[in-house]
Protein chains: 2
Amino acid sequence: MTMLKYSRQRECIRDYVRNCHQHPTADNVYAGIKEEFPNISLGTVYRNLSLLVELGEITKISTGNGPDRFDCNTRPHSHFICTCCHCIQDIEMADMDYIARKASENFDGKILAYTTTFYGICKNCLDEKNLQKSS
Amino acid sequence: MTMLKYSRQRECIRDYVRNCHQHPTADNVYAGIKEEFPNISLGTVYRNLSLLVELGEITKISTGNGPDRFDCNTRPHSHFICTCCHCIQDIEMADMDYIARKASENFDGKILAYTTTFYGICKNCLDEKNLQKSS
DNA sequence: ATCAATAATAGTAATTGTTACTGATATTAA
DNA sequence: TTAATATCAGTAACAATTACTATTATTGAT
């Protein structure tokens with residue numbers, strides 16, 4: 001491990017993700033901190049986001065299509081991705097570990113982590129289309 | 001929808017994925033059928049894999065880093081990704097729907113699908129390192 | 001405070017995985 | 001057999017991300 005030096009850019013990037021609850025992309029972060037650092041490089045944003053993920057200060061969400069998203073919520077939780085507007089929402093579940101325990105039962109490897117991603121239509125899109133959650 | 005015409009290339013691609021249980025990448029498929037179709041195009045492989053996914057004949061797995069993988073198993077199941085050798089294994093779980101029901105309880109959108117991906121060390125890697133599943 | 005060591009930067013080029021385009025070929029229904 | 005057109009091979013374009021390089025900023029020791 002190489003020693004870590006302070007950088008104002010990294011500080012700013014971390015704060016931005018901390019205060020943004022829309023699960024921003026690297027590009028969103030880049031655009032968002034352009035005001036404070038007009039000539040920051042996109043590479044710097046990517047590098048620091050990766051670093052912050054390594055440090056466990058933020059997490060990365062792979063959506064399956066489109067760019068990765070970042071999340072200030074480091075507690076274990078799931079994500080919901082709306083197939084309509086592509087928004088991402090956190091989903092908290094009571095007994096998440098149940099899944100890992102259950103999966104371990106018939107698996108001979110060592111399970112260290114897992115993520116669950118839900119897909120569907122978010123509240124906003126349901127409302128816009130006058131649909132019900134249960135229809 | 002445009003009408004679907006037969007193609008030997010698509011047949012071959014489907015058969016390859018059907019008989020390959022290593023969750024191949026598009027590149028793997030490309031390399032694997034080069035023998036039968038020496039001058040097949042990588043674009044053709046991508047196009048047909050996407051088409052087969054649309055038709056529900058195979059499924060696509062997004063790994064989060066690295067290329068997408070494809071799976072001949074179309075029944076609902078989870079995946080385990082080894083962080084050591086990067087292999088992917090299927091994990092069958094008895095009551096998977098429990099998760100979706102549980103998640104629905106405190107969520108106001110409409111959940112239509114979900115995937116769970118487990119991360120850890122596979123049996124082979126555990127053995128090579130003389131490690132135990134429970135240590 | 002000054003300095004040397006080096007981590008981090010801005011800017012840019014390269015890489016990776018995937019999709020789009022184009023003219024030629026293969027499949028299909030009449 | 002023919003006409004219509006889906007698919008093809010080949011290649012170019014694309015989006016997201018990473019790597020490179022010369023310069024700047026931070027740090028710990030003088």
Side-chain angles (χ1 to χ4, degrees), chain A residues 1-17 22-55 57-71 81 86 88, chain B residues 1-17 20 22-55 57-71 81 86 88 117:
Chain A
M1 276 295 174
T2 175
M3 94 162 274
L4 199 68
K5 283 186 180 172
Y6 171 87
S7 100
R8 292 183 303 127
Q9 286 90 336
R10 180 158 57 236
E11 198 86 337
C12 182
I13 289 166
R14 195 189 51 194
D15 289 349
Y16 183 89
V17 176
Q22 265 74 62
H23 306 90
T25 64
D27 235 32
N28 293 151
V29 177
Y30 178 61
I33 65 179
K34 260 282 173 81
E35 202 168 327
E36 189 163 346
F37 290 92
N39 48 1
I40 194 168
S41 167
L42 184 55
T44 299
V45 173
Y46 271 104
R47 183 164 25 77
N48 280 299
L49 285 171
S50 299
L51 186 51
L52 291 167
V53 169
E54 269 182 58
L55 295 173
E57 303 204 33
I58 63 176
T59 55
K60 186 164 83 166
I61 311 166
S62 295
T63 60
N65 65 332
D68 290 342
R69 317 275 294 243
F70 296 87
D71 193 345
I81 301 180
H86 303 102
I88 297 189
Chain B
M1 276 294 174
T2 174
M3 94 162 274
L4 200 66
K5 283 187 181 174
Y6 172 87
S7 99
R8 291 182 303 126
Q9 287 89 337
R10 180 159 58 237
E11 197 86 335
C12 182
I13 289 167
R14 195 189 51 195
D15 289 349
Y16 184 88
V17 176
C20 173
Q22 266 74 62
H23 305 90
T25 63
D27 236 32
N28 293 151
V29 177
Y30 178 60
I33 65 179
K34 260 282 172 81
E35 202 169 326
E36 188 162 346
F37 290 92
N39 48 1
I40 195 169
S41 166
L42 183 56
T44 299
V45 173
Y46 271 104
R47 182 164 26 78
N48 280 298
L49 285 172
S50 298
L51 186 51
L52 290 168
V53 169
E54 269 182 59
L55 296 173
E57 303 205 32
I58 63 176
T59 56
K60 185 163 85 165
I61 311 166
S62 296
T63 61
N65 66 331
D68 291 343
R69 316 276 294 244
F70 296 86
D71 193 344
I81 301 180
H86 304 101
I88 298 189
T117 307

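The structure displayed is predicted, hence computed values, not measured ones. In what follows, chains are A, B, ... by sequence order, proteins preceding strands, each numbered from 1.
- For B:Arg47 and D:dC8, the shortest distance from a side-chain N or O to OP1 or OP2 is below 4.0 Å.
- A straight line from CD of A:Glu54 to C1' of D:dT18 spans 14 Å, rounded to a whole angstrom.
- Atom P of nucleotide D:dT7 and atom CZ of B:Phe37 are separated by 15 Å, given to the nearest angstrom.
- There is no side-chain donor-acceptor pair under 3.5 Å between B:Ser50 and B:Arg47.
- Closest contact between the side chain of A:Asp68 and the listed nucleotides D:dT7, D:dT17, C:dG11 involves D:dT17.
- For CD of A:Gln22, the number of neighbouring non-hydrogen atoms (other residues, nucleotides, ligands) closer than 6.0 Å is 12 at most.
- Base engagement by B:Thr44 is indicated by at least one non-hydrogen atom pair under 4.0 Å involving a base atom.
- Here the side chain of A:Ser62 pairs no donor or acceptor atom with the backbone of A:Gly64 at under 3.5 angstrom.
- An OP1 or OP2 oxygen of D:dA9 is reached within less than 4.0 angstrom by a side-chain nitrogen or oxygen of B:Gln9.
- For A:Asn28 (side chain) and A:Thr25 (main-chain N/O), a donor-acceptor pair under 3.5 Å exists by modelled atom type.
- Here A:Tyr6 lies in heavy-atom contact (under 4.0 Å) with sugar-phosphate atoms only.
- Neither OP1 nor OP2 of C:dG17 sits under 4.0 Å from any side-chain N or O of B:Asn65.
- Look at CZ on B:Arg14: it is 14 Å from P on D:dT7, rounded to the nearest Å.
- Considering only the side chain of B:Lys5, C:dT28 comes nearest among C:dA8, D:dT18, C:dT28.
- At whole-Å resolution of the value, CD1 in A:Ile61 and P in D:dT17 are 13 Å apart.
- Within the 4.0 Å cut-off from OP1 or OP2 of D:dT5, not a single side-chain nitrogen or oxygen of B:Thr2 is found.
- For C:dT27, neither phosphate oxygen OP1 nor OP2 lies less than 4.0 angstrom from any side-chain nitrogen or oxygen of B:Ser7.
- When the C1' atom of D:dC8 is taken as reference, atom CG of B:Leu42 falls 14 Å away, rounded to whole Å.
- When each of B:Ser41 and B:Arg10 is assigned the nucleotide of DNA chain D bearing its nearest heavy atom, the one mapping closer to the 5' terminus is B:Arg10.
- Between the OH atom of B:Tyr30 and the P atom of D:dC8 there is a distance of 14 Å, rounded to whole Å.
- Along DNA chain D, the nucleotide closest to A:Tyr46 and the one closest to B:Ile40 are compared, and the more 5′ of them pairs with B:Ile40.
- Summarising the geometry, the separation between CZ on A:Arg8 and C1' on C:dT9 is reported as 11 Å, rounded to the nearest angstrom.
- With rounding to whole Å, B:Asp27 atom CG is found 9 Å from C:dG17 atom C1'.
- Ranked by how close their nearest DNA chain C nucleotide is to the 5' end, A:Leu51 and B:Lys60 are led by A:Leu51.
- With hydrogens and angles disregarded, no donor-acceptor distance shorter than 3.5 Å links the side chain of B:Arg10 to the backbone of B:Asn48.
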